[in-house]
Amino acid sequence: MDGVSEKMLSQTLHALERDGLVHREAQPTNPPRVDYELTPLGREVAGRLIALIECLEGRMDEVLAARERYDARRAAPGSSSTA
């Protein structure tokens, strides 16, 4: 995957396996190969994440409008730039 180091990918897959979201199976081939698949828990979580992403994508106009209102308030004269 572009932009992701092998080390970071390996660490992420290990964490997902540890959390019970993916199942890892090493194949006794030459060269060695490892297969990953989502567990039932991983499939449920993925489904919920996809639903959340679709919800946000469908309401992106509202998100962008909220950002514009926020930015306008922060840039208004007399507004405090510290949080």
Side-chain angles (χ1 to χ4, degrees):
M1 293 177 59
D2 288 339
V4 179
S5 70
E6 282 191 42
K7 179 180 178 184
M8 181 55 70
L9 181 58
S10 177
Q11 288 174 345
T12 301
L13 287 168
H14 179 77
L16 291 171
E17 181 184 13
R18 182 174 182 237
D19 292 341
L21 299 172
V22 298
H23 171 73
R24 177 187 184 273
E25 188 170 333
Q27 302 297 325
T29 60
N30 191 6
R33 188 179 92 199
V34 179
D35 293 330
Y36 291 89
E37 67 177 329
L38 291 173
T39 63
L41 175 61
R43 284 191 294 276
E44 180 183 345
V45 170
R48 291 174 185 246
L49 286 172
I50 289 168
L52 176 61
I53 291 166
E54 289 171 347
C55 175
L56 286 169
E57 286 176 341
R59 303 191 73 169
M60 190 51 72
D61 290 343
E62 294 174 63
V63 171
L64 296 174
R67 285 182 182 180
E68 288 179 14
R69 288 190 303 272
Y70 177 88
D71 292 346
R73 283 194 310 268
R74 301 281 293 179
S79 66
S80 173
S81 62
T82 59

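Because the structure is a prediction, the values reported are computed rather than measured.
A salt bridge links Asp35 with Arg33: the distance from a Lys NZ or Arg NE/NH1/NH2 to an Asp or Glu carboxylate oxygen falls below 4.0 Å.
Taking each heavy atom of Leu38 and Ala46 in turn, the nearest pair found is CD1-CB, 4.2 Å. Val22 approaches Leu13 most closely through the heavy-atom pair CG2-O, 3.8 Å. Closest of all the heavy-atom pairs between Leu21 and Val45 is CD2-CG2, 4.0 Å.
Tracing side-chain contacts under 4.5 Å through hydrophobic residues (I, L, V, M, F, W, Y), one reaches Val4 starting from Leu16; they form part of the same cluster.
Side-chain atoms of Arg43 and Thr39, non-hydrogen and from C-beta on, never get closer than 4.5 Å to each other. No side-chain heavy atom of Glu44 sits under 4.5 Å from any side-chain heavy atom of Pro40.
Taking CD of Glu17 as the reference point, atom OH of Tyr36 lies at 6.5 Å (rounded to 0.5 Å). If you take CD on Gln11 and OG on Ser5, they are separated by 7.5 Å, rounding to the nearest 0.5 Å. Distance check, rounded to the nearest 0.5 Å: CG of Asp19 to NE2 of His14 gives 9.5 Å. A distance of 11.0 Å separates CD in Glu54 from CG in Leu49, rounded to the nearest 0.5 Å.
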Decide side-chain contact (heavy atoms from CB on, under 4.5 Å) for Arg24 and Val34; before the verdict, give the C-alpha distance in whole Å, the side-chain angles of both, and the deciding distance to 0.1 Å.
-> CA-CA 7 Å; Arg24 177 187 184 273; Val34 179; 3.5 Å; yes
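Side-chain N or O atoms of Ser10 include none that pairs as donor or acceptor with a backbone N or O of Glu6 at under 3.5 Å.
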